[in-house]
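Proteins come first, then strands; the chains are lettered A, B, ... in the order of their sequence lines, and each starts at number 1.
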2 protein chains.
Amino acid sequence: MHKTKGALTQPAKCVACPIRKMALFQPLAQSEIKSAQTYKSENRMLAAGEDIYRQGDTCTEIYTLYDGWAFLYMDISPGKRQILRFLLPGDLLGFHGDLEGCRHPHSAQGVSCISLCVFPISRLLKMFRKHPKLGIRITWMTAQDNTLAHEHLASLGRRSAHDKIAHLLLELFYRVRICHPESDRQNTIDFPLTQELIGDAVGLTSIHVNRTIKELRRSGLVQIKARKLTIADPEAISKLTGFNRRIFPPRHII
Amino acid sequence: MHKTKGALTQPAKCVACPIRKMALFQPLAQSEIKSAQTYKSENRMLAAGEDIYRQGDTCTEIYTLYDGWAFLYMDISPGKRQILRFLLPGDLLGFHGDLEGCRHPHSAQGVSCISLCVFPISRLLKMFRKHPKLGIRITWMTAQDNTLAHEHLASLGRRSAHDKIAHLLLELFYRVRICHPESDRQNTIDFPLTQELIGDAVGLTSIHVNRTIKELRRSGLVQIKARKLTIADPEAISKLTGFNRRIFPPRHII
DNA sequence: CGCGCCGTTGAGCCCGTTCAAAAAGTGTGG
DNA sequence: CCACACTTTTTGAACGGGCTCAACGGCGCG
């Protein structure tokens with residue numbers, strides 16, 4: 001599980017960034033990227049299971065996830081934690097609205113080894129002044145995170161185990177495919193989550209996650225094998241479980 | 001229940017607005033308020049139970065709740081809904097990051113009759129250009145909403161009925177008191193929520209909400225009577241249930 | 001080959017639900 | 001001001017979804 005960091009994609013210069021379409025710098029013209037890049041301090045690699053930041057830490061940086069999956073979580077009580085959100089390449093994390101003196105209200109961790117682009121908060125004000133589009137962009141991304149959190153609230157509060165898990169899998173399935181538009185007819189994605197992580201995200205025991213996935217598999221709806229997720233007929237399950245795809249506008253639309 | 005709208009406070013001019021410290025215009029100097037006010041189209045009163053907007057509607061306005069309580073919600077399936085967030089005077093609603101062509105991802109409704117300040121989205125761009133502080137402010141408010149949603153996720157996913165309800169009551173208790181700094185030693189607040197609304201917020205049946213509140217009352221922790229909530233020793237329950245007050249920075253700090 | 005993490009399965013229990021019905025408030029119209 | 005209708009709160013009994021505890025199998029890695 002603890003893969004070597006060497007397995008990760010090394011980030012190129014921002015100009016040639018393959019995930020830029022999904023990320024913070026999306027609104028910038030090619031000509032602006034070089035200047036914007038100076039606000040990035042470094043690229044950072046973390047081993048699987050390492051925390052990116054911890055609840056209560058003072059915020060000094062924000063991050064764009066460059067490679068690998070990650071998640072935000074809160075420790076509730078010993079042995080209990082809630083995963084708030086899964087992050088895919090291009091997703092922003094660590095921004096909580098304040099440019100100084102705020103503390104992280106949750107922790108963040110990589111699912112496996114990950115690679116991050118790091119932006120010191122001290123440079124953000126200057127960056128937003130120079131590139132107002134990035135201010136708009138970060139506001140938009142924050143609002144989108146809100147909508148996603150709301151969708152999760154609906155799942156946790158009012159859906160059965162079956163539907164909670166189906167919704168989560170569908171959400172991740174579509175989010176991954178948005179990043180790979182070429183694979184629009186592909187119905188298998190890489191899927192590095194353990195059943196325990198799924199359980200911590202939807203508020204169920206890993207044991208019950210297992211039983212539920214077994215059921216989903218037996219009814220032919222999903223297939224998880226060897227870190228791959230296959231959803232034969234996404235539209236069908238969406239209808240079956242009331243999943244609304246429109247809640248995930250591609251990040252590069254605005 | 002359906003009180004007449006006349007019971008509401010009539011909004012004064014923004015210059016004299018009593019809730020401004022908690023609301024969108026908070027960062028503006030007295031001298032700027034008059035110009036900013038022109039971006040407000042009207043004040044609107046709604047009867048109890050009327051929707052402010054509905055899931056799927058095109059967004060054309062954003063709102064500041066001026067008087068009364070409201071909530072955001074999603075309909076899951078007939079008879080099931082999830083309340084995403086309660087709104088108190090000064091709270092912003094209807095902003096989802098887009099300035100055109102987006103649709104509301106959830107619905108919003110008043111708990112009892114309410115009064116709203118309405119800002120047409122078409123004027124927002126101009127407003128943010130003229131008063132960049134408002135852009136920062138709205139970003140900050142959106143990020144705060146996110147933190148609050150995360151706290152709710154933790155409740156719904158990983159806490160017992162007892163703790164879910166205790167947390168919600170504490171959250172509302174502190175949020176109301178922030179709006180009334182003079183009442184910092186008061187431990188009773190106005191509390192217009194029915195047990196069914198509480199249930200829809202924490203993902204429980206109103207029947208079970210009732211039994212749980214009964215238990216909270218018998219252990220002397222909270223008292224709900226005649227639309228008033230009393231929490232004798234907020235600090236004590238906070239410790240007992242792991243509630244972290246720091247997640248609610250007063251809205252007028254930034 | 002052995003260790004550790006992950007997935008799988010079984011049995012029994014408990015928290016919260018469902019269904020049903022009565023009691024207590026609350027607003028409305030006469 | 002009172003009577004009526006409706007909403008909200010309260011209580012009981014039985015069911016069930018998801019949890020707990022416990023054990024075993026499988027796979028990857030050292």
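If you take NZ of K80(B) and C1' of dG16(C), they are 12 Å apart, rounded to a whole angstrom. As rounded to whole Å, 10 Å separates atom C1' of dC15(C) from atom NZ of K164(B). Atom P of nucleotide dG17(D) and atom CG of L204(B) are separated by 17 Å, given to the nearest angstrom. Rounded to whole Å, the distance from CD1 on I224(A) to P on dT8(C) is 9 Å. We find that CD1 of I165(A) is positioned 14 Å from C1' of dG7(C), with the value rounded to whole Å. For the pair H208(A) NE2 and dC13(C) P, the interatomic distance rounds to 18 Å; values are reported in whole Å. Computed from coordinates, the H162(A) NE2 to dG16(D) C1' distance equals 17 Å when rounded to whole Å. Atom CD1 of I207(A) is separated from atom P of dA11(C) by 15 Å (rounded to the nearest Å).
A salt bridge does not link R103(B) to D57(B): none of the charged side-chain nitrogens sits closer than 4.0 Å to a carboxylate oxygen. Here R44(B) does not pair with E50(B) in a salt bridge; the nearest charged N to carboxylate O distance is not below 4.0 Å.
No option in D75(B), V202(B), L156(B) other than L156(B) meets the side-chain contact (heavy atoms from CB on, under 4.5 Å) test with Q82(B).
Across all non-hydrogen atoms, the minimal contact from G110(A) to F71(A) is O-CE2, 4.1 Å. Summarising the geometry of T241(B) relative to A166(B), their closest heavy-atom pair is CG2-CB, 3.8 Å, with the distance given to 0.1 Å. Shown here for L88(B) and D91(B), the closest heavy-atom pair between the two residues is N-OD2, 2.8 Å. Shortest non-hydrogen contact noted between R85(A) and L92(A) is NH2-O, 3.8 Å. Shortest non-hydrogen contact noted between Y174(A) and S238(A) is OH-OG, 3.8 Å.
For the side chain to side chain contact (heavy atoms under 4.5 Å, CB included) test, residues two or more places apart in sequence or in another chain that qualify with I189(B) are F173(B), V176(B), R177(B), F191(B), L229(B). In this structure H106(A) satisfies the side chain to side chain contact (heavy atoms under 4.5 Å, CB included) test together with Y53(A), L72(A), M74(A), L84(A), H96(A), H150(B), sequence neighbours excluded.
The shortest distance between the side-chain N/O atoms of T194(B) and the OP1/OP2 oxygens of dT8(D) is not below 4.0 Å. For the pair Q195(A) and dC5(C), the criterion of a side-chain N or O lying under 4.0 Å from OP1 or OP2 is not met.
Taken residue by residue, residues 68-78 of chain A places no heavy atom nearer than 4.0 Å to DNA chain C. A heavy atom closer than 4.0 Å to some atom of DNA chain C occurs in R211(B), these being the qualifying members of residues 209-221 of chain B.
Nucleic acid contact class of S160(A) (heavy atoms, under 4.0 Å, all strands): sugar-phosphate only. G79(A) comes within 4.0 angstrom of no nucleic acid atom, judged by non-hydrogen atoms across all strands. G199(A) comes within contact range of no nucleotide atom at all, as no heavy-atom separation falls under 4.0 Å.
You'll find that the side chain of R227(B) is closest to dT8(D), out of dG7(C), dC19(D), dT8(D). Among the nucleotides dG18(D), dC19(C), dT8(D), the one closest to any side-chain atom of E196(B) is dT8(D).
Every pair passing side chain to side chain donor-acceptor pair (under 3.5 Å) that includes a residue from residues 196-217 of chain B is listed here, sequence neighbours excluded: R158(A)-D200(B), R81(B)-D200(B), Q195(B)-N210(B).
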How far apart are the C-alpha atoms of I213(B) and I198(B), what are their side-chain angles, what is the distance that settles it, and do they pass the side chain to side chain contact (heavy atoms under 4.5 Å, CB included) test? CA-CA 10 Å; I213(B) 287 181; I198(B) 296 173; 4.2 Å; yes
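Secondary-structure annotation of DNA chain D gives the stems C:1-5 with D:26-30, C:8-30 with D:1-23, with a stem taken as at least 3 successive Watson-Crick or G-U pairs whose two distances both fall under 3.5 Å.
Heavy-atom distances to DNA chain D give each of R158(B) and S206(B) a nearest nucleotide, and the one nearer the 5′ end belongs to S206(B).
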